[in-house]
Amino acid sequence: MGELMTQAAGLRRRARWRRALFFGLTLLTGAAATAMMWDILHANGVSNLDWIGLALFFILFVWISSSFWSAVAGFVVRLRGGDPAMLGAPPAAGALAGRTALVMPIHNEDTARVAAGIDVIWSSLARLPEQAAFDFFILSDTRDPRIAAAEECAWAQLVARHGAGGRLFYRRRIENTGRKAGNIADFVRNWGGAYDYMIVLDADSIMSGAALVRLARLMDAHPRVGIIQALPLPAGRDTLFARLIQFATRLSSPMLASGLAFWQLGESNYWGHNAIIRLQAFAAHCDLPRLPGSPPLGGEILSHDFVEAAFMRRAGFEVWLLPCDEGSWEEVPSNVIDYAARDRRWAQGNLQHLGLLPARGLYWLSRVHLVGGVLSYVTSPLWLLVLLLSSSVVILQALHGHQYFVPGSHALFPIWPHYRDGEIAALLSLTGVVLLLPKALAVVLAIRDRALRRGFGGAPRLVASLVLEQLYSVLLAPAMMLFHTTFVISILAGKPVAWRAQERGDRGIGWLEALRRHKWHVIIGVTWGALILELAPHYTAWLLPVLAGMVLSVPLTMLTSRAQLGRWMRRRGLFLTPEETAPPAELAALEARLREGAYTLPAGRPGPAQSAGAGPPEATARVPAHAPLPMQAQPLRYVGVRRAAGRRSRRTHSEWRGS
């Protein structure tokens, strides 16, 4: 007990100075950039529009500076070979103390892909002596009876193939209350009492047996830890868009994760999958309440992971990010449209977190995580507003010209315009460093590691891939800015998102679909560009990357959704990742299973769960004995503004009555 208290005190000391350093440098960078911008604007007088733009500029520069300093911290940590403050390495051998349930919530998914992934995970785990400490639960919320039939057939095949009777279970709910979070809570309430931990997997998750055992050993060794989030690396997709995302994420994510872990330490976040959770603590403290009001901002909490991490931390348990880049993978959307559709769901869930910010008992860093989730989407309309304000200022200056004499001053000499060329160059340089240096640092780490360098195709191809990916990111950003702005406006206008299955696989986008989804982006880009070209042509070059991304959004989305183009790039050594050049056994096995088509339901073959008509699905249970673990959501209680406002209101009312 004394040793645990000493470790906790040492962790708190490290956390204080690391967070002071991180937040201090982040705010200082934002303040320095804003001071430069103010100096540039102040030279010729600051208008009301300038002041609004300056305030927004500070918020946005602080936001991008936070990513920059996380990347720098991660670079230093990786350069030094690791962080001594991370969770201590667990024992490498010996029986596991706790039992672990692998839980995979699914909803109208591609059954063949889900089953192949489970097959690979279970096979990898079965090769290890610790496999007896794990069971697997397929938690279905599927509404489509044909997909449900395929799920049950695939489950039966998996059990037969691996002799996993009594170890690999399938459950399909009649009512999918609470969506994914409710699906997991239903597992906890019915069978959570039989296990010490659960590892949550998405339908596209792949984890090696070694990674699963490592997470379980870490939980055994650290009883104060409630959640450990593994780092999922993207793999498995062939379209050009997906391969661009896979390349950029695989290159930078390990470094960024090390940087986040550096200053977050035991108050990190949970990303909803590829993570291990202590079940007793989760059941006691992490059941989600309903938010006041109706959707989209009220009702069931969609982005449950951030909230569960905050509640786990509120209960006194630590939440850790494990920046290890081995044995944990996921898939990414194959095209811009599906990527944006996923962001639409996440945007609503993250904006709901505004209602949790004043909740009592949350740690301040948990509130920072919630705010960060909101800013992930709100910054897009802020960037758009800054661009519109700057365009308006430039157009007004072009229309009215510079005011050489102040009316009524009777001055003999004109007020000449002032230019701050040095300050403009300095601000542009600082912005370039903040935006581009993190990827350059990631390249340095990759090149200095011989195996990693070879995994990315060698230094020349790595650098060429980075340059091309950066150019594409510049063109993609304006369309995503407009997508996110539309999402935020629709959510604030009260339009909730429908819960549909995520599109997976290498789906190509045709011209008509791309035009339908991007038509307003093209119209905005053409109109905006025409106005600038007509009224302030000298400003066109500054806006060209933004306008080009909007105008070219249709062909870019269509072309980058092509798997043939992605494979063509791979054959030429571009956008390679280590998972492609030397596939881990699990990813190679997944590809082989999918090629075999072992879990594809033959046409016309009936399934035991298939129901007639359009009525509710039949209850299906292929589960172990009941082992309940109670979960009860605590009502939200608020502090700060709401309580203070109530006290002020009562005091004002009493004073009014007494007067």
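All heavy atoms count here, side chains included; hydrogens, waters and symmetry mates do not. Bear in mind that the values here come from a model prediction, so they are computed numbers and not experimental data.
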Does the pair [X]/[Y] count as a salt bridge with the N-to-O cut at 4.0 Å?
X      : Y      : result
Asp204 : Arg113 : no
Arg562 : Asp506 : no
Lys180 : Asp202 : yes
Glu513 : Arg517 : no

Taking all non-hydrogen atoms of both residues, which atom of [X] and which atom of [Y] are closest, and how far apart?
X      : Y      : result
Phe22  : Ser70  : CE1-OG, 3.4 Å
Pro232 : Asn274 : CB-ND2, 3.7 Å
Ser392 : Leu49  : CB-CD1, 4.5 Å
Pro496 : Pro295 : CB-CB, 3.9 Å
Leu452 : Leu445 : CD2-O, 4.4 Å

Quiz item: Pairs in or reaching into residues 459-488: which pass salt bridge (Lys or Arg N to Asp or Glu O under 4.0 Å), with residues at least two apart or in two chains?
Solution: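 Applying salt bridge (Lys or Arg N to Asp or Glu O under 4.0 Å) to every pair that reaches into residues 459-488, excluding sequence neighbours, yields Lys439-Glu469.
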
State whether a side-chain donor-acceptor pair under 3.5 Å links [X] with [Y].
X      : Y      : answer
Arg507 : Ser334 : no
Trp329 : Ser205 : no
His107 : Thr142 : no

Practice problem: Please lay out, stage by stage, how Arg454 and Asp449 fare under the test salt bridge (Lys or Arg N to Asp or Glu O under 4.0 Å). | Solution: CA-CA 9 Å; Arg454 189 182 301 115; Asp449 184 313; over 6 Å; no

Using atom types as modelled and distance alone, determine if a side-chain donor or acceptor of [X] lies under 3.5 Å from a backbone N or O of [Y].
X      : Y      : value
Gln229 : Trp271 : yes
Asn335 : Ser561 : no
Thr239 : Ala563 : no
Arg237 : Val332 : no
Glu331 : Ala235 : no
Thr540 : Pro537 : yes
His353 : Ser303 : yes
Arg179 : Glu300 : no
Arg243 : Asp238 : no
Ser268 : Gln264 : no

Exercise. Take the angle between the ring planes of Trp263 and His369 and call it parallel below 30°, perpendicular above 60°, tilted in between.
Key: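 Tilted, since the angle between the ring planes falls between 30° and 60°.
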
Got [X] and [Y] here, is their nearest side-chain heavy-atom distance under 4.5 Å?
X      : Y      : answer
Arg143 : Asn108 : yes
Leu291 : Leu356 : yes
Val522 : Met550 : no
Thr29  : Val434 : yes
Gln352 : Pro296 : no
Met36  : Leu430 : yes
Ile509 : Val336 : no
Phe68  : Pro438 : yes

Quiz item: Out of Ile245, Leu251, Leu244, which one pairs with Phe247 under the side chain to side chain contact (heavy atoms under 4.5 Å, CB included) rule?
Solution: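 In the set Ile245, Leu251, Leu244, the residue that makes a side chain to side chain contact (heavy atoms under 4.5 Å, CB included) with Phe247 is Leu251.
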
Quiz item: Quick one: are the ring centres of Tyr377 and Phe487 less than 6.0 Å apart?
Solution: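 Ring-ring flag for Tyr377/Phe487: false, centres at least 6.0 Å apart.
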
Measure the [atom1]-[atom2] distance between [X] and [Y] for me, rounded to the nearest 0.5 Å.
X      : Y      : atom1 : atom2 : answer
Leu476 : Leu556 : CG    : CG    : 8.5 Å
Ser465 : Leu576 : OG    : CG    : 6.5 Å
Cys324 : Leu231 : SG    : CG    : 8.0 Å
Asn350 : Asp305 : CG    : CG    : 8.0 Å
Leu475 : Tyr472 : CG    : OH    : 8.5 Å
Ile424 : Met37  : CD1   : CE    : 9.0 Å

Self-check item: Greater than 12 external heavy atoms within 6.0 Å of Glu326's CD
Solution: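 Open.
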
Quiz item: Can you tell me if NZ on Lys495 sees more than 12 non-hydrogen neighbours from other groups inside 6.0 Å?
Solution: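 Check fails, neighbour count at 12 or below.
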
